[in-house]
Amino acid sequence: MDGKSKKLIGFLDEEELSGIIWMMGKARGGLIKSYDEQTKRLITYEVVSSNATISSKVSGGRVSFRVKIESEGRLIENDVPGGVPSRKAFLKRVDETFEKQLKMTLERALDKMQEQYGVDAAGFGDRVRIQHPRVWEKVKREWDETFRDSPVTFDVKLSVTDYGASSGLVKE
């Protein structure tokens, strides 16, 4: 919905909505499915806990944002031959794969908000209003346009902390 005209401007698909939920820090449960980069086999991360913060920065009159996301979860599906979760190298590779997958989801949702619809559906404006009230007074009337041109970076850290009974007893 467009906040000014109160008209429907479009829809988000499940992945885009998931990205916005992650940005807002409201991801409670859920799954991230991906494929191991070396073997192209399915791996699935179940979210146990997550936290997200949006911080804003103003430099030279330009607003930018950093979204920091941290999550712990379980490796609930591991179809990787030789992928023993108790091995640190494998866990590191899996964490990086899930982080990359989540970043793609976040960037897709951000692109939809900024490029296609030109609206802030994740509360970035609230961060500016709280952290930089003087700047907010200057940009609030044309916030959608300001948001559309604001760079956003993502700092994602996902950690598999539980991998069930598959630790070292996996048959290859």
Side-chain angles (χ1 to χ4, degrees), residues 1-37 40 42-74 76-77 94-160:
M1 301 291 289
D2 182 291
K4 293 176 186 171
S5 69
K6 307 288 188 230
K7 293 186 178 185
L8 179 67
I9 57 172
F11 296 94
L12 300 172
D13 66 22
E14 184 178 346
E15 182 183 6
E16 293 157 348
L17 181 59
S18 174
I20 292 172
I21 289 169
W22 275 98
M23 285 181 223
M24 295 174 69
K26 297 186 180 203
R28 306 287 178 259
L31 304 174
I32 299 174
K33 289 188 174 198
S34 191
Y35 293 89
D36 177 64
E37 290 184 3
K40 308 299 182 215
L42 182 66
I43 51 177
T44 305
Y45 176 88
E46 178 183 28
V47 178
V48 173
S49 67
S50 69
N51 183 37
T53 56
I54 299 173
S55 57
S56 62
K57 180 180 176 185
V58 178
S59 179
R62 187 158 188 211
V63 180
S64 62
F65 298 95
R66 179 174 173 244
V67 180
K68 183 178 180 182
I69 297 174
E70 294 178 348
S71 175
E72 291 185 352
R74 294 182 186 97
I76 62 167
E77 191 165 0
V94 165
D95 288 347
E96 289 170 357
T97 299
F98 290 129
E99 288 169 1
K100 186 176 179 181
Q101 183 67 41
L102 180 55
K103 280 183 184 178
M104 287 184 349
T105 298
L106 295 166
E107 288 167 1
R108 186 167 171 232
L110 180 68
D111 184 63
K112 189 83 160 228
M113 286 190 296
Q114 287 183 317
E115 302 298 325
Q116 188 170 349
Y117 296 140
V119 296
D120 173 11
F124 288 91
D126 289 337
R127 294 289 92 205
V128 176
R129 182 180 54 80
I130 292 166
Q131 296 171 346
H132 308 281
R134 288 186 211 166
V135 172
W136 177 249
E137 286 303 315
K138 293 176 186 174
V139 299
K140 70 181 180 182
R141 284 183 185 79
E142 63 276 338
W143 174 242
D144 289 340
E145 292 80 19
T146 301
F147 174 67
R148 186 177 275 227
D149 297 328
S150 298
V152 178
T153 57
F154 297 104
D155 181 12
V156 177
K157 179 66 180 147
L158 297 170
S159 300
V160 172

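Sequential numbering from 1 along the given sequence is applied to the chain's residues.
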- Message: Tell me whether R28 at atom CZ has more than 12 heavy atoms from other residues, nucleotides or ligands lying less than 6.0 Å away.
- Response: yes

- Task: Give a yes or no on whether the backbone of G30 and the side-chain of Y45 come within a donor-acceptor separation of less than 3.5 Å.
- Result: no

- Message: Taking D13's backbone N and O only, do any of them form a donor-acceptor pair with E16's side chain (distance below 3.5 Å, no angle check)?
- Response: yes

- Minimum side-chain heavy-atom gap V67-W22 below 4.5 Å: no

- Item | With E137, the side-chain hydrogen bond (donor to acceptor under 3.5 Å, both in side chains) member among R141, K140, R134 | K140

- Given side chains that start at C-beta, do those of V63 and H132 come closer than 4.5 Å, heavy atoms only? no

- Mind checking the CG-NZ spacing from L17 to K112? Nearest 0.5 Å is all I need. 11.0 Å

- Main-chain N/O of G29 paired to E46 side chain as donor or acceptor, under 3.5 Å: no

- Quick one: does Y35's side chain get under 4.5 Å of L42's, heavy atoms only? yes

- Query: Looking only at heavy atoms, what is the nearest atom pair of Q114 and V152, with distance?
  - Reply: NE2-CG2, 4.1 Å

- Query: Any salt bridge (charged side-chain N to carboxylate O under 4.0 Å, His left out) pairs touching residues 48-65, not counting sequence neighbours?
  - Reply: none

- With sequence neighbours left out, write down each residue that passes side-chain contact (heavy atoms from CB on, under 4.5 Å) with S49, or none if nothing qualifies. E72

- Message: Could you go through R127 and D120, starting from their C-alpha distance and side-chain angles, then the distance that decides it, and tell me whether this counts as salt bridge (Lys or Arg N to Asp or Glu O under 4.0 Å)?
- Response: CA-CA 11 Å; R127 294 289 92 205; D120 173 11; over 6 Å; no

- Message: Is any side-chain heavy atom of D95 closer than 4.5 Å to one of V160?
- Response: yes

- Task: Looking only at non-hydrogen atoms, find the nearest pair between M113 and F147 and report the distance.
- Result: CB-CE2, 4.1 Å

- Item | T44 side, atom OG1; K33 side, atom NZ - distance, nearest 0.5 Å | 5.0 Å

- Item | Heavy-atom pair of closest approach, residues S34 and T97 | OG-CG2, 3.3 Å

- Message: Check the orientation of F124 and F65. Use parallel for under 30°, tilted for 30 to 60°, and perpendicular for over 60°.
- Response: perpendicular

- Item | Closest approach of M23 to L110 (non-hydrogen atoms, all atoms of both residues) | CE-N, 3.8 Å

- Within the side chain of D36, is there an N or O that forms a donor-acceptor pair under 3.5 Å with the backbone of V94? no

- Query: Taking C-beta and beyond as the side chain, do I32 and T105 meet within less than 4.5 Å on heavy atoms?
  - Reply: no

- Query: How about K100 and E37: do any of their side-chain heavy atoms sit closer than 4.5 Å?
  - Reply: yes

- Query: About how many Å separate CE of M104 and CD of E99, when rounded to the nearest 0.5 Å?
  - Reply: 13.5 Å

- So, does Q131 use its side chain to make a donor-acceptor pair with the main chain of S56 at under 3.5 Å? yes

- Item | Any donor-acceptor pair under 3.5 Å from S50 side chain to A27 backbone | yes

- Reported CD1-to-CD1 distance for the pair I54 and I69, which is rounded to 0.5 angstrom: 8.5 Å

- Item | Partner set under side-chain contact (heavy atoms from CB on, under 4.5 Å) for E142, not counting sequence neighbours | V139, E145, T146

- Task: Output yes when D111 and R108 qualify as a salt bridge under the 4.0 Å nitrogen-oxygen rule, no when they do not.
- Result: no

- Query: Under 4.5 Å between any side-chain heavy atoms of F98 and S71, yes or no?
  - Reply: no

- Could you tell me the separation between the OG atom of S18 and the CG atom of L102, rounded to the nearest 0.5 Å? 7.5 Å

